[in-house]
Amino acid sequence: MSRRSLDETLSFIAAVDRAGSADAVSETILSVVKPFGFSQVFAGIIPLPGMSAQQQVANVVLHRWPETWSQRYFSQGYLFDDPTIQRVTTSTEPFLWSELEDSYRESPSAKRIMDEAREFNLGFGFTVPMLTLDGQSAGFSIASDRAELPPNYRGRLQLLAMYSFGRALSLAEMPPSVKLTPREADVLQWIAEGKSDWEISKILHVSEHLVDKMARQIRTKFGVANRTQAVAQALRHKIIR
Amino acid sequence: MGIHIVSAENIGSYAEAMEQAYRLRHAVFVDEMGWNDLRRSDGREIDQFDDGRALHMLYLEGDRLVGYQRMLPSMRPHLLSAVMPHLCDGDFPVGPHIWEWTRYCVTKEHRDRGRMLSPAGNLLLSAIVEWGLENGISKIIIEMNPIWLLRLVQLHFRVTPLGIPQEAGKDSIVAVTAAFDARTLARLRSVRGDNRPAIAEQPVIDRRVRA
């Protein structure tokens with residue numbers, strides 16, 4: 001069982017590493033958590049008190065959350081009364097939102113936020129607190145109106161959260177023009193392994209001409225003069241490994 | 001000032017500093033973190049892995065110890081294989097290029113400020129990477145709270161879990177390997193804002209004798 005959990009987690013990490021956009025990262029997460037009933041994912045760096053709504057939105061890293069809820073949440077400044085945010089900034093352990101109920105029983109504003117979230121089909125959630133290199137708190141949440149989470153999945157989701165968030169952050173640092181198609185990423189991965197165009201064409205079952213064409217497209221996308229630089233860039237940005 | 005690497009070859013010259021190291025280990029792991037199994041009446045935390053093959057990395061400011069960590073070769077018994085094998089669901093990572101990072105600690109005054117990676121922590125990590133790149137070591141085994149995982153990823157370590165995080169008291173613990181290369185060192189140095197080597201002193205190894 002534990003070996004299988006590990007293997008599944010390792011395949012998930014590989015899939016996240018291949019994701020070319022924050023949205024693709026979200027997609028990968030949702031495909032894993034859907035069997036438990038989770039349909040939404042949200043992750044971001046926790047804004048400091050006093051930050052404007054716009055600055056708060058800029059801190060969002062992954063967003064597959066009901067759009068109307070996010071608009072309401074940020075424009076109403078819910079963030080600073082949200083009990084899940086309070087917990088993220090004070091604890092390192094993942095938690096179910098239902099485990100926080102005792103902590104906000106006395107706070108009408110916190111209770112209102114959680115009740116309203118339920119109306120937007122975010123009644124059941126699970127959050128993983130994180131800590132960035134800069135020392136900022138960050139949170140990763142999955143939610144839906146109804147879901148369940150076997151206790152032994154918490155650790156797996158904690159790993160899933162960290163890798164997803166790390167990948168999304170590094171994608172955010174990347175120049176937006178550099179987005180490779182999955183096929184281009186494959187080609188570049190094989191170039192990085194030292195394979196010739198002919199070898200790559202055999203591996204991927206395409207013509208040698210197409211491999212050469214894709215290699216040139218990749219160079220253009222990175223704005224570099226040669227394949228080595230493209231590989232270096234791609235490694236730096238973890239497009240390939 | 002900087003990191004001093006202490007092995008069987010040069011431990012004789014570091015008697016006083018090693019004394020501080022064993023006491024800092026006891027203060028941090030037993031008194032602060034409550035690892036009571038390690039408690040010793042003399043206030044010096046020393047275990048079965050502190051033998052001739054362990055490598056101690058001491059962060060010294062003058063004669064004063066600021067931080068400490070210990071590296072153990074994966075080819076011999078180490079914490080993951082001997083003490084915490086339940087954290088490893090697959091095969092144990094073993095090889096001359098893999099060492100285990102243990103007993104990382106920094107004095108209270110030099111800890112993370114506002115939860116940022118402290119300069120002392122950065123210097124100790126940088127020393128591992130510098131030492132690894134020079135000696136053909138490319139991967140370290142770590143048992144840690146999963147909260148640090150994101151930070152390592154952001155520092156350009158390629159972190160691979162060896163198991164699923166498990167509860168240990170009120171905290172979680174996970175075993176990982178963290179692979180590094182020259183980019184990791186560049187990243188650590190740019191975060192620190194200092195391009196100078198972290199390692200100040202290391203044992204002189206007579207390579208002719210080794211060969």
Side-chain angles (χ1 to χ4, degrees), chain A residues 1-10 12-14 16-17 43 45-46 48 61 88-95 128-140 151-170 172-173 232-233 235-238 241, chain B residues 85-93 111-119 121-122 125 142 144-184 186-188 190-193:
Chain A
M1 174 59 195
S2 49
R3 178 70 196 238
R4 208 183 77 203
S5 299
L6 178 64
D7 288 344
E8 286 173 8
T9 301
L10 294 176
F12 172 82
I13 294 168
V16 160
D17 278 342
I45 293 167
I46 310 300
L48 299 170
V61 174
V88 162
T89 55
T90 51
S91 167
T92 58
E93 292 299 310
F95 57 90
V128 178
M130 294 177 289
L131 201 53
T132 71
L133 185 56
D134 302 327
Q136 295 163 299
S137 291
F140 171 102
N152 59 348
Y153 268 79
R154 288 189 177 215
R156 292 177 62 167
L157 284 175
Q158 192 177 20
L159 291 177
L160 187 149
M162 302 267 176
Y163 281 97
S164 304
F165 199 76
R167 176 66 184 151
L169 279 182
S170 86
E173 287 169 10
Q233 287 264 13
L235 283 172
R236 202 169 301 136
H237 292 305
K238 306 217 171 124
R241 47 190 307 159
Chain B
H86 57 284
L87 295 181
C88 187
D89 289 330
D91 301 328
F92 288 114
R111 299 268 170 88
D112 298 10
R113 290 170 311 204
R115 311 215 290 178
M116 258 164 71
L117 177 64
S118 67
N122 184 311
L125 262 179
I142 316 172
M144 63 178 188
N145 187 310
I147 194 85
W148 306 119
L149 205 155
L150 177 63
R151 196 175 263 193
L152 289 169
V153 168
Q154 286 186 286
L155 285 169
H156 294 336
F157 284 90
R158 285 186 310 287
V159 186
T160 307
L162 295 170
I164 304 300
Q166 299 190 12
E167 279 173 37
K170 60 180 172 34
D171 290 323
S172 302
I173 185 165
V174 65
V176 302
T177 59
F180 53 85
D181 54 28
R183 292 181 320 124
T184 318
R187 176 74 162 174
L188 280 161
S190 91
V191 168
R192 195 169 81 235

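So that the names make sense, note that chain A is the first sequence line, chain B the second, and so on, each numbered from 1. Reckoned from all heavy atoms, side chains included, excluding hydrogens, waters and symmetry mates.
Taking every heavy atom of both residues into account, A/Gln158 and A/Thr92 meet most closely at NE2-O, 3.9 Å. Closest heavy-atom contact between A/Val88 and A/Pro129: O-CB, 3.9 Å.
Between B/Asp181 and B/His156, the closest side-chain pair of non-hydrogen atoms is not below 4.5 Å. Residues A/Val61 and A/Phe140 fail the side-chain proximity criterion, which asks for heavy atoms closer than 4.5 Å. Within the 4.5 Å cutoff, the side chain of A/Glu93 has heavy atoms near those of the B/Asp171 side chain. The shortest distance between side-chain heavy atoms of A/Tyr153 and A/Ser5 does not fall below 4.5 Å. Looking at B/Val176 and B/Phe157, their side chains never come closer than 4.5 Å, going by heavy atoms from C-beta outward. In this structure the side chain of B/Leu117 reaches within 4.5 angstrom of the side chain of B/Leu155, judged on heavy atoms.
In this structure, B/Glu167 places its CD atom where only 12 or fewer heavy-atom neighbours from other residues, nucleotides or ligands lie under 6.0 Å away.
Both the backbone and the side chain of A/Thr132 come within less than 4.5 Å of a heavy atom in chain B. Proximity to chain B involves both the backbone and the side chain of A/Ser137, based on heavy atoms less than 4.5 angstrom apart. Both the backbone and the side chain of B/Val159 come within contact range of chain A, with heavy atoms under 4.5 Å apart. Only the side chain of A/Ile13 comes within contact range of chain B, judged by heavy atoms closer than 4.5 Å. When heavy atoms are compared at a cutoff of 4.5 Å, B/Asn145 approaches chain A solely by way of its side chain, counted from C-beta outward. Residue B/Leu152 does not touch chain A at all, counting heavy-atom pairs closer than 4.5 Å.
With chain A as the partner, the residue from B/Val153, B/Val191, B/Ile164 showing the most heavy-atom pairs under 4.5 Å is B/Ile164.
Taking 4.5 Å as the heavy-atom cut-off, the residues of residues 86-93 of chain B that approach chain A are B/Asp89, B/Gly90, B/Asp91, ordered by number.
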